[in-house]
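Shown next, in structure tokens, is the structure this report addresses.
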Amino acid sequence: MQNIQSIIDSLNPPQAEAVNHLQGPLLVLAGAGTGKTRVLTTRLANLIATGTAQPHNIMAVTFTNKAAKELAERVEQLIGSSTAGMMLGTFHALGARILRRHAERMGLRPDFTILDTDDQKRLLDALIKEANIDATAYPARQLAHIISRWKDKAWLPSDVPTAEDGFAGGRGISLYRAYQNRLQALNACDFGDLLLLPVYLLKQHNDILAEYQNRLTHILVDEYQDTNTVQYLWLRLLSMAHKNICVVGDDDQSIYGWRGAQVANILKFEKDFDGAKVVRLEQNYRSTGTILKAASAVISHNDERHSKTLWTSDDDGEKIHVHPVVDDREEARLIADACDSHQRDGGSYTDCAVLFRTAAQTRSLEEQFIKVGVPYVVIGGMKFYERKEIRDAIAYLRLFHNPQDDLAYQRIINVPRRGVGNAALQTITDVARERTMPLLAATEIALGQDMLSGKAKGALTTFIDQLTVWKNLGAAHTPDRLMELILEESGYLEMLRQDKAAPPDETKARMDNLKELVRAMQDYSDVGSFLEHVSLVMDGEDANEDAVRLMTVHASKGLEFDTVFLPGFEDGLFPHQRSLNETGVKGIEEERRLAYVAITRAKRKLVIVYTASRRMYGQFQPSTASRFLQEIPEECLEIHATVGASLLRPEWGSRTDARATSDWRKPAEPLMPYTSVSTSSEWDIGERVFHQKFGYGNIRGTEGEGDNARLTIAFDKAGQKQLVASLAKLQRA
DNA sequence: TGTTTAAAATTTTAC
DNA sequence: ATTTTAAACA
């Protein structure tokens, strides 16, 4: 074990104060780059080194798997032994662990399946249709989001106030109830349940609560500003008895309000936990003075915050580079070129990160990076486990592991094609419903009673037999070997090989992905633990290759880079239009915190880019500089107006033009802060319109609001159609 | 049942 | 513009 004391001696006074405060509630307000992780790990090590707590007495919770992993590794290094006995992990992972241990009490079996968003959507879609609700007007996505928010508030169906139910005329709650019943029947949980059910478990069973309270005498929470109501209740229940809870966070970096996070949790901590000690970390060790000044200026426009003053002993450093460009193509080229010259100058690609507001911006950047030949990795993009072939393979495993998993059954029963069509599936579904049993069991009944036609009968008999064979082999084989066997014997690999519609390189990529999956499975001793890994550890481990990092601003939280590029710094994109017209000042404040996070990722150099015109939905949209750019003091900035840009927007002028410095940030058109540029909700019943394909028509009805508004239009020639207002490109006739 | 064609949806952020 | 989903067709 390293000498903890010598490490504590190297900390600055507030850091040391936090590390030495081991009993009672503690709030550490840690600004960006102030050594938060260092404090967290050292404090954990100190708990153990001083004998205040044994590893198994400690619960340490983070939000991402990456953070959990880093925490574990660094603590292990400090204490010189494993953290295996510690309750250390993400909220979701720990929730799953608790829930599996006591599954029966919540009406589940310990081997329950964790559904991903796709399964969830599919299930809800079926329920919406069963309830005879128009799925176009009330999409499953939306319901999934609503239910998720309810779960964030720790509401079971019976807890939801009727007034809160705006879905399909107040039918959301009954759909939620039906959904929970289906989940239970499937022996499955969604992500929200991993947080919600443990809270109910602890609330309803005093013996279990007492057990955890006795065991977990010290609780540590990272990113406390991102906790939602369920997580808060969870922490409260567990810490009630001993009050040894230490939370670390930064209200200025709360960017998950849309996921139910309550900034209020961190703002009211001192009230919640009487006598809480508060420590502020304000010395920044990451960024230059200029970057810090810019970030502070931007965030100071927010009202709801613990005010704090970040400072650094570092120099001002380079000014922040601002590049107005013509369009997103030039934007991408500029960034790719800059990364290239950074590398030529002796830097490495890994120093550079491109952070954008929306995932959709990835593509144009990628294209340009490929063209210029700059290596890149997309972090948190299309995740490995979301790929179709991977999900198919996993569906086989799931059905193998949990025969009640109807969703997995539906996914793969006719993949590869076995001749099991709608007719056969309907028969099986009927049997299943009649006898309330899973589809797989129903299939066996249907086969036994000879209810299926020739082709389906043969195919399903073979399939059931195969499953039995795999089941028998399961014990003898390692999971990876079993996976190989299933892929080959089910004919899945053959299907990929035979797929003539797919280009050869894609077929190869799919095969490689499956090989990678098999390889990943080698680390697991049984199918169950692998499936747990799959559902919870979605962030793919990134190789340490020398490549520029591309990611959303959300994905960048907690990271730092020498050089940061911020493309798309435009009103309507960053801040995003959705947040502007939705929640008024709340929305813009969260966007501003997001901008704060983005800026503070940079250690030395920050490059902001915005375009005059951006391709969106396949067509060009004029754009103007972000209002956040105007919140940065001018002395922090250095503007690089290119020739192309000044041609397109003369008012930008050139660098040498004295007027340019004062005018460049003024948008060409007056800002319309809280209204949408699109045609949303401007349409009224009875209006006469023209559509490119359908011709002239009259609006018969409108449904919903904003960009999602749906119009029912009776066209003269084409008949009645339902169109989404923002996509239909309607003109007034 | 499988293939072709046309319409609708996508773009907020993610555990 | 590109991708996904539905429906019409063979």
Side-chain angles (χ1 to χ4, degrees), chain A residues 61-68 89-96 114-117 120 125 135-136 139 141 144-145 148 151-152 190-195 223 226-228 230-231 254-261 355-364 367 379-381 383 386 388 414 417-425 453-456 459 500-501 535-539 551-557 568 572-582 587 590-591 593-594 597-598 614-621 678 691-694 707-708 710 718 721-724 726-728:
Chain A
V61 221
T62 64
F63 272 82
T64 65
N65 294 294
K66 204 184 209 166
T90 63
F91 276 102
H92 289 87
L94 296 183
I114 300 167
L115 299 189
D116 58 41
T117 30
Q120 204 183 336
D125 206 43
T136 0
R141 268 178 70 103
H145 185 256
S148 235
K151 289 188 175 179
D152 288 342
D190 66 13
F191 276 106
D193 288 335
L194 295 180
L195 306 179
E223 308 276 20
D226 286 331
T227 50
N228 60 32
V230 206
Q231 288 160 335
S254 169
I255 54 176
Y256 286 104
W258 52 273
R259 211 167 67 183
L355 313 181
F356 33 82
R357 178 62 182 78
T358 67
Q361 289 166 260
T362 322
R363 182 179 303 171
S364 61
E367 279 171 11
I379 312 270
K383 284 156 212 141
E386 284 172 10
K388 193 164 150 247
N414 204 29
R417 297 229 162 84
R418 301 188 167 88
V420 182
N422 283 336
L425 211 55
S453 63
K455 203 170 179 190
K500 286 175 213 112
S535 21
L536 294 173
V537 187
M538 285 296 206
D539 30 293
M551 70 194 88
T552 63
V553 179
H554 281 91
S556 78
K557 193 160 79 152
L573 186 59
F574 200 172
H576 198 276
Q577 193 62 47
R578 280 285 251 274
S579 64
L580 289 181
N581 33 23
E582 261 169 27
E590 180 149 317
E591 292 287 311
R593 291 193 290 268
L594 202 51
V597 169
R614 178 172 295 277
R615 234 185 154 87
M616 266 179 139
Y617 303 106
Q619 50 190 4
F620 282 99
Q621 299 271 315
S678 75
H691 184 273
Q692 267 200 317
K693 281 218 177 80
F694 303 133
D707 285 354
N708 288 324
R710 279 181 173 70
K721 304 268 177 198
Q722 282 231 339
L723 300 169
V724 175
S726 57
L727 298 168

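Here the structure is a predicted model, which is why all the values come from computation and not from measurement. All heavy atoms count here, side chains included; hydrogens, waters and symmetry mates do not. So that the names make sense, note that chain A is the first sequence line, chain B the second, and so on, each numbered from 1.
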Using a heavy-atom cut-off of 4.0 Å across all strands, would you classify [X] as base, sugar-phosphate, or nothing?
X        : answer
A/Arg141 : sugar-phosphate
A/Ala93  : nothing
A/Val420 : sugar-phosphate
A/Gly192 : nothing

For the pair A/Asp226 and A/Lys557, find out whether any cationic side-chain nitrogen is under 4.0 Å from an anionic carboxylate oxygen.
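Looking at A/Asp226 and A/Lys557, the cut-off is met.
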
Lys/Arg N to Asp/Glu carboxylate O, A/Asp193 vs A/Lys151, below 4.0 Å:
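A salt bridge is present here (some side-chain N lies under 4.0 Å from a carboxylate O).
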
Atom [atom1] of [X] to atom [atom2] of [N]: distance rounded to whole Å?
X        : N      : atom1 : atom2 : result
A/Glu367 : C/dA1  : CD    : P     : 13 Å
A/Arg593 : B/dT13 : CZ    : P     : 18 Å
A/Lys66  : B/dC15 : NZ    : C1'   : 14 Å
A/Lys557 : B/dT12 : NZ    : P     : 20 Å
A/Tyr256 : B/dC15 : OH    : P     : 6 Å
A/Leu573 : B/dT13 : CG    : P     : 11 Å
A/Leu355 : B/dA14 : CG    : P     : 12 Å
A/Phe63  : B/dT13 : CZ    : P     : 19 Å

Nearest-nucleotide pick for [X], side chain only, options being [options]:
X        : options                : value
A/Thr552 : B/dA14, B/dT12, B/dG2  : B/dA14
A/Arg363 : B/dC15, C/dT2, B/dT13  : C/dT2
A/His92  : B/dC15, B/dT12, B/dA14 : B/dC15
A/Ala360 : B/dT11, B/dC15, B/dT12 : B/dT11
A/Arg259 : B/dG2, C/dA1, B/dA14   : B/dA14
A/Arg417 : B/dG2, B/dT12, B/dC15  : B/dG2

Specify the residue among A/Glu590 and A/Ala456 whose closest nucleotide of DNA chain B lies further upstream toward the 5′ end.
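Nearer the 5' end of the strand: A/Ala456.
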
Using the closest heavy atom to pick a nucleotide of DNA chain B for each, name whichever of A/Ala424 or A/Ala555 lands nearer the 5' end.
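Its nucleotide being nearer the 5' end, the pick is A/Ala424.
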
Over all heavy atoms of both residues, which pair between A/Leu573 and A/Gly568 is shortest? Give the atoms and the distance, please.
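Heavy atoms of A/Leu573 and A/Gly568 come nearest at CD2-O, 3.6 Å.
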
What are the two closest heavy atoms between A/Asn228 and A/Val230, and how far apart are they?
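Heavy atoms only, the tightest pair is OD1-N, 3.2 Å.
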
Compare the aromatic ring of A/Phe191 with the six-membered base ring of B/dC15 and state whether they stack according to the 5.5 Å and 30° rule.
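Yes.
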
Quick test of the criterion, 5.5 Å between centres and less than 30° between planes. Is A/Trp258 stacked on B/dT12 or not?
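Given the distance and angle limits, no, they do not stack.
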
Could you give the distance separating B/dT12 and C/dT5 at their C1' atoms, to the nearest angstrom?
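23 Å, rounded to whole Å.
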
Need the pair for B/dT11. Rule: Watson-Crick or G-U wobble, both distances under 3.5 Å, any strand; none if unpaired.
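In the structure as shown, B/dT11 has no Watson-Crick or wobble partner.
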
Begin from the C-alpha positions of A/His554 and A/Tyr256 and carry the test ring pair (Phe, Tyr, Trp, His ring centres under 6.0 Å) through to its verdict.
CA-CA 9 Å; A/His554 281 91; A/Tyr256 286 104; 5.3 Å; yes

Do A/Thr117 and A/Gln120 meet the criterion of a side-chain donor-acceptor pair at a distance under 3.5 Å?
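Per modelled atom types, A/Thr117 and A/Gln120 side chains form no pair under 3.5 Å.
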
